[in-house]
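To keep things clear, I will list the structure first and then write my remarks on it.
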Amino acid sequence: MDTMAESGHSISTIDLLPQLIVIIEHERVTYANIAAARLLQASSPEVLHGLHLAELLEPRSFEAAHRAIAEVIASRRESDTKELVFTRLDGEPVQLICTAAPLQPGRPESVVLTAMQPPAVYLTQDARIQKILNSITDVVYLIGYDWTYRFANMAASRVTTWNRDDLVGKHVTTVYPDITETRQYTVYRDAMERSEPLVFRTDEPILPGGLKAHYEVRVFPVDEGLLCFAHDITDKLRAEENLRAQRQLALVLRDTAAVLNSTLDLDEVLDRILSNVHRIVPHQMSNIMLVHDDRVSVARIRGYDNHVSALSGQSFAIEEVAHLAMMSNDRAPLLIDDVRQFPGWGNTGLEDELPAYAGTPIVRGGHVIGFLNLRSTEPFQQMHATRLLAFADQAAVALRNAALYESTVERVAELTERNDDLYVFGHAAAHDLRSPLQVVMGMADVLLYEMDADMDDTVRDGLQTILDYAQRMRRISDNLQDLAAIGSQHDNLAPVDLNTIVTTAVETFDHALNERGVRLTVDNNLPTVVGHGPLLEQAVGNLIDNAVKYIGRDNADPAVWIYGRIDGDWARLSVMDNGIGVPEDMREQIFKMGARSHPQEGPGQGLGLTLIKRTIERMGGRVGVDPAPEQGSVFWFMLPLAIADES
């Protein structure tokens, strides 16, 4: 003690330490620091001086301390850590973890005791830690190794009928007799034996007299016992279950939508609606009603067996049927536990056998287009109404698609009939126009050339105008007949050699090419396509004519290139010129009837490119126009490659 007293610095440093430090000589206290006085409830460290260990320790702890000090004195080595119970000056016990060590050589009867509170005791006795534990929402409790409750926080009051302070000190089996039959008791025992943290879930009360709930409990072995944190996961599990149910419903709805929309036949759609609704809502019988002019009729039934005749073929005004009128007005599902108690329910003969009803309107575009009705022996749940409404949305899409398909089929049949009529009319009109036009052209030609000497310039100019317009009408007549021919030849497709087609077309327009001084280059290895020879020849000719017509009046070196290429299963023929080109804003419109990008460049009605487009599309191909690399345009069409050229 003298050595320590000689150094005021050493003593003040030791006094600042949080651990209890006392010097024992012949088992009496000769020095104690401030932490020792605080832990043992002494007014000052000096009050502890001279006290015997037997006065500070409980009997069992004194025996353990006595043996530890004897071992230290004998071996001059530090003892193992021991858990001792000190007696405070006010008589209350204090649990501390102690280590004994020799003081210094030459003082064999002197040892230093260093002690601190166990972690669990520190957590449950320190005021700041208790404040923290009492502020959290999780339930915190401490079970000692003697199976008594040592601590419970404020949150424990929510889950037990016991006062948390009265619970402390009670044996778990005394206040919770059934705990030995629970899973949590098994986990507590395993955690004690294995001395390792464990986590478990339980829906049993975690404290005596508690309400059932779903808990996730984390168990941490500490020096005094098991420190447990219980988190209520009831809402979490409910949310997870709802999420799983929603995901399952989404999967079923997705599969159902795929099934319902895999056909456009109305009869099949109706059958599939009733055969798949059971995946969403269990039931025994079902029917689907469709609305026409505010009246409903049963379109399909399922599971009615002998009751089929009671519903088939019947039609009702919506407002005459109470439950249908209610769903139509509310645009919402309707659940009836017992239809016999529902005002306005008619007698269908099913009321005693199937008293429960679930129905929903089928709404599309803001309009009720039908009703889905289910019958069951057991009442339906609210979740069934939600699911039924979601299913009805899928059914509405399928029904609308089927209705549109039926309407489209009827419209196509009508248009096909009209097109056939137009073809007959166009062909007849073109044919009937030729005879009078031929007479007009012949008479004008005779008058113009055989009586030229007898007419003045005014008459001569008038006759020339008549002849020009007659020739123009002849070209229109020819175009009408060409359009009619496209409609009649689209099925007569066969392999066609584009080399032959281009050669014939070039010969036809040879005079026009020479007259404009156009330099023509033709690829001599063009592919063979699937098409109609005469119409293809006309299409290529129109492309050459178009290129010459728009080559440009001031073009010093007019040129046209005709070339082809193979692209997979397709063959492409291009006619490129270095003329005036097609403005970018006209490239989408140029193939429409009557469209002309430069009308001042030459005569025409804007039908040539339209004829090309319709011709190629009738053969299963497509057309387009691109700007040439330097100037001009590249008009092209693509057709399926003939098998012989696939290599």
Side-chain angles (χ1 to χ4, degrees), residues 119-124 126 128-145 147-168 170-253 280 381-387 390:
V121 175
Y122 180 70
L123 286 174
T124 57
D126 186 275
R128 294 171 300 170
I129 300 300
Q130 284 197 31
K131 184 176 181 180
I132 294 172
L133 293 178
N134 284 324
S135 66
I136 65 177
T137 57
D138 285 353
V139 178
V140 182
Y141 53 97
L142 178 66
I143 299 176
Y145 288 110
W147 291 98
T148 62
Y149 289 107
R150 300 290 185 88
F151 172 79
N153 70 343
M154 292 291 292
S157 302
R158 301 194 315 270
V159 299
T160 178
T161 56
W162 280 75
N163 182 293
R164 66 188 187 92
D165 294 326
D166 293 339
L167 192 64
V168 174
K170 300 292 191 300
H171 196 277
V172 295
T173 57
T174 301
V175 294
Y176 195 165
D178 298 331
I179 194 172
T180 56
E181 306 298 325
T182 65
R183 181 171 181 269
Q184 56 183 303
Y185 181 82
T186 303
V187 176
Y188 296 149
R189 187 182 59 205
D190 291 346
M192 288 182 182
E193 293 175 354
R194 294 156 58 180
S195 295
E196 62 181 39
L198 294 175
V199 180
F200 69 94
R201 288 187 176 186
T202 180
D203 58 358
E204 301 161 335
I206 54 172
L207 290 174
L211 298 175
K212 279 194 173 185
H214 293 280
Y215 293 98
E216 183 175 80
V217 185
R218 297 181 179 274
V219 182
F220 299 93
V222 293
D223 293 317
E224 196 176 11
L226 300 177
L227 188 61
C228 306
F229 293 82
H231 180 63
D232 189 339
I233 59 172
T234 305
D235 291 340
K236 175 185 175 183
L237 293 179
R238 186 178 295 116
E240 290 176 350
E241 179 60 31
N242 289 338
L243 182 59
R244 281 193 295 270
Q246 290 297 324
R247 286 177 176 171
Q248 180 64 24
L249 178 60
L251 290 174
V252 172
L253 288 175
I280 307 296
Q381 306 299 317
Q382 187 57 45
M383 65 175 180
H384 293 148
T386 304
R387 294 180 177 183

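Worth saying up front: this structure is predicted, and the values here are computed from it rather than measured. What you see below is based on every heavy atom in this structure, not just the backbone, and it leaves out hydrogens, waters and symmetry mates.
For the side-chain contact (heavy atoms from CB on, under 4.5 Å) test, residues two or more places apart in sequence or in another chain that qualify with M192 are I143, Y145, W147, L226. For D138, the side chain to side chain donor-acceptor pair (under 3.5 Å) partners two or more places apart in sequence, or in a different chain, are H231. With sequence neighbours excluded, the residues forming a side-chain contact (heavy atoms from CB on, under 4.5 Å) with E216 are V199, R201, R218, I233, listed by chain and number. When the salt bridge (charged side-chain N to carboxylate O under 4.0 Å, His left out) test is applied to D235, the partners found at least two apart in sequence or on another chain are R238. Residues forming a side chain to side chain donor-acceptor pair (under 3.5 Å) with Q382 (at least two apart in sequence, or on another chain): none. Judged as a side chain to side chain donor-acceptor pair (under 3.5 Å), and not counting sequence neighbours, R158 has no contacts. Judged as a side-chain contact (heavy atoms from CB on, under 4.5 Å), and not counting sequence neighbours, V168 has no contacts. T234 pairs by the side chain to side chain donor-acceptor pair (under 3.5 Å) definition with D232, not counting sequence neighbours.
Closest approach of V217 and A230 over heavy atoms only: CG2-CB, 3.9 Å. Across all their heavy atoms, P221 and S195 have their closest contact at CG-C, 3.7 Å. Closest non-hydrogen pair, P197 versus F220, comes out as CB-CD2, 4.0 Å.
When side chains are defined from C-beta on, Y141 counts as touching I206, because their heavy atoms get closer than 4.5 Å. Two residues are said to be in side-chain contact when any heavy atoms from C-beta on lie closer than 4.5 Å; V139 and T160 fail this criterion.
Taken to the nearest 0.5 Å, the CG atom of L167 stands 9.5 Å off from the OG1 atom of T161. L227 contributes atom CG, which lies 7.5 Å from atom CG of L133 (distance to the nearest 0.5 angstrom). Put simply, CD1 on I136 and CE on M154 are 12.5 Å apart, with the number rounded to the nearest 0.5 Å.
For residues 159-168, the set of pairs meeting the salt bridge (Lys or Arg N to Asp or Glu O under 4.0 Å) definition, not counting sequence neighbours, is empty. Listed by first then second residue, pairs satisfying side-chain hydrogen bond (donor to acceptor under 3.5 Å, both in side chains) with a partner in residues 172-187 read H171-T173, Q184-Y188, not counting sequence neighbours.
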